[in-house]
Amino acid sequence: MVAARPNDIIDFETDNAEHEQEGVAGSAVEGEYKWTSPDGEEHFVKYVADHLGYRVLDTDALPAAPEPIEVEEVEESE
């Protein structure tokens, strides 16, 4: 697999999305993108991308984990 390094810092804004980056393109950047989902909720992702890869620092875009289910203990019969 081959991936090209970006040559530009990405900054744009549309009616329902926005993306901002700072840093050195192709080396290390920090950024944030935001968007409005079809149901009208606003979401964001803050990230860093560098020699260690792409990492999410903060987001509200991931679903919450479900609550744990309580399981009754079953007695073993002899």
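Numbers for residues simply follow the sequence, beginning at 1. Note: hydrogens, waters and symmetry copies are ignored here, and every other heavy atom, side chains too, is used.
Between Gly23 and Ile9, the shortest heavy-atom contact is O-CD1, 3.5 Å. Considering every non-hydrogen atom in both Ala61 and His43, the closest pair reads CA-ND1, 4.1 Å. Taking every heavy atom of both residues into account, Val24 and Val29 meet most closely at O-CG1, 3.8 Å.
His19 places a side-chain N or O within 3.5 Å of a backbone atom of Ile10 that can act as its donor or acceptor partner. Formation of a donor-acceptor pair under 3.5 Å by the Asn16 side chain with backbone atoms of Trp35 is not found in this model. For Thr59 (side chain) and Phe44 (main-chain N/O), a donor-acceptor pair under 3.5 Å exists by modelled atom type.
Asp39 CG: more than 12 foreign heavy atoms inside a 6.0 Å radius.
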Checklist entry - Could you walk me through whether Asp60 and Glu42 pass the side-chain contact (heavy atoms from CB on, under 4.5 Å) check? => result CA-CA 9 Å; Asp60 69 348; Glu42 293 184 6; over 6 Å; no
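For the atom pair OH of Tyr47 and CD of Glu30, the computed distance is 9.5 Å after rounding to the nearest 0.5 Å. To the nearest 0.5 Å, atoms CZ (Phe12) and CD (Glu20) are separated by 10.5 Å.
With a 4.5 Å cut-off on side-chain heavy atoms, Asp50 and Arg55 count as touching.
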